[in-house]
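Below is one structure, written out as structure tokens, with a few remarks after it.
Since we're looking at a predicted model, the values are computed, not measured.
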Amino acid sequence: MLAVYLKTVQEVRIGIAGRFKARRLDLNLTQRELAARSGVTFSSLKRFEREGLIALDSLLNLALVLNCLDDFDKLAAESLAISATQSLDALLATPARRRGATGRKGRSHGI
């Protein structure tokens with residue numbers, strides 16, 4: 001399924017890393033303190049904040065310590081609302097509404 005997004009994967013990845021770093025700083029935690037509390041290695045945390053690269057388990061452990069684990073429970077959840085990122089395939093698969101007939105039922109079109 002082809003989807004249209006306004007950001008690249010790298011932009012999203014860097015954005016997530018930036019928000020995690022901001023949360024860490026808001027909680028007045030150093031990288032070493034967050035690494036120790038989460039069980040994530042210091043080098044992995046540094047790489048994540050710099051490049052946005054991290055294993056999923058490590059990311060979830062960081063989210064737990066930073067009080068945002070619930071955000072991940074919402075990922076890929078089904079939604080009935082149509083979003084701006086709805087796939088082109090889904091949009092094209094939506095059946096067009098039928099228009100009403102122009103003549104009356106049973107009316108003869110002949111002479």
Side-chain angles (χ1 to χ4, degrees):
M1 185 161 29
L2 176 65
V4 177
Y5 297 99
L6 300 176
K7 291 184 177 180
T8 67
V9 170
Q10 183 178 6
E11 289 170 329
V12 172
R13 190 179 71 220
I14 296 298
I16 291 169
R19 289 189 298 276
F20 267 64
K21 181 178 181 178
R23 273 186 100 98
R24 175 180 65 77
L25 295 173
D26 287 344
L27 293 171
N28 201 27
L29 291 171
T30 66
Q31 287 179 325
R32 289 201 185 277
E33 289 171 329
L34 178 56
R37 288 184 187 188
S38 65
V40 174
T41 64
F42 177 66
S43 61
S44 290
L45 178 57
K46 279 178 46 176
R47 183 177 58 249
F48 173 57
E49 288 189 357
R50 187 177 60 247
E51 301 172 29
L53 299 173
I54 194 165
L56 181 58
D57 283 349
S58 295
L59 182 62
L60 296 176
N61 284 327
L62 293 173
L64 179 63
V65 174
L66 296 175
N67 301 316
C68 59
L69 186 61
D70 283 348
D71 295 344
F72 288 90
D73 198 31
K74 299 170 191 154
L75 289 178
E78 290 191 39
S79 173
L80 298 177
I82 296 175
S83 70
T85 59
Q86 185 176 14
S87 75
L88 290 176
D89 292 338
L91 290 172
L92 294 174
T94 304
R97 289 189 139 197
R98 292 186 60 156
R99 294 184 181 175
T102 56
R104 284 187 274 165
K105 194 173 187 176
R107 184 173 172 191
S108 172
H109 292 288
I111 300 178

Indicate yes or no: at least one non-hydrogen side-chain atom of [X] is less than 4.5 angstrom from one of [Y].
X     : Y     : value
Leu34 : Leu66 : yes
Leu29 : Arg37 : yes
Thr41 : Lys46 : no

Between atom [atom1] of [X] and atom [atom2] of [Y], what is the distance when rounded to the nearest 0.5 Å?
X     : Y     : atom1 : atom2 : value
Ile16 : Phe48 : CD1   : CZ    : 7.0 Å
Asp70 : Leu64 : CG    : CG    : 10.0 Å
Thr30 : Leu25 : OG1   : CG    : 10.0 Å
Ser44 : Leu62 : OG    : CG    : 9.0 Å
Glu11 : Leu6  : CD    : CG    : 9.5 Å
Ser38 : Leu59 : OG    : CG    : 10.5 Å

Single-linkage hydrophobic cluster, 4.5 Å side-chain cutoff, [X] and [Y] together:
X     : Y     : value
Val9  : Leu56 : no
Val12 : Ile54 : yes
Ile14 : Phe72 : no

Taking Glu33 first and then Arg24, would you say they form a salt bridge - that is, a charged N and a carboxylate O separated by under 4.0 Å? no
Considering all heavy atoms, the nearest Gly52-Ala17 contact: CA-CB, 3.8 Å
Grab the two heavy atoms, one from Gln31 and one from Leu45, that are nearest each other, plus how far apart they are. O-CD2, 3.1 Å
Counting only heavy atoms not in Asn28 (residues, nucleotides, ligands), do more than 12 fall under 6.0 Å from its CG? no
Between Arg13 and Leu53, does a side chain to side chain contact (heavy atoms under 4.5 Å, CB included) hold up when you go through it step by step? CA-CA 7 Å; Arg13 190 179 71 220; Leu53 299 173; 3.6 Å; yes
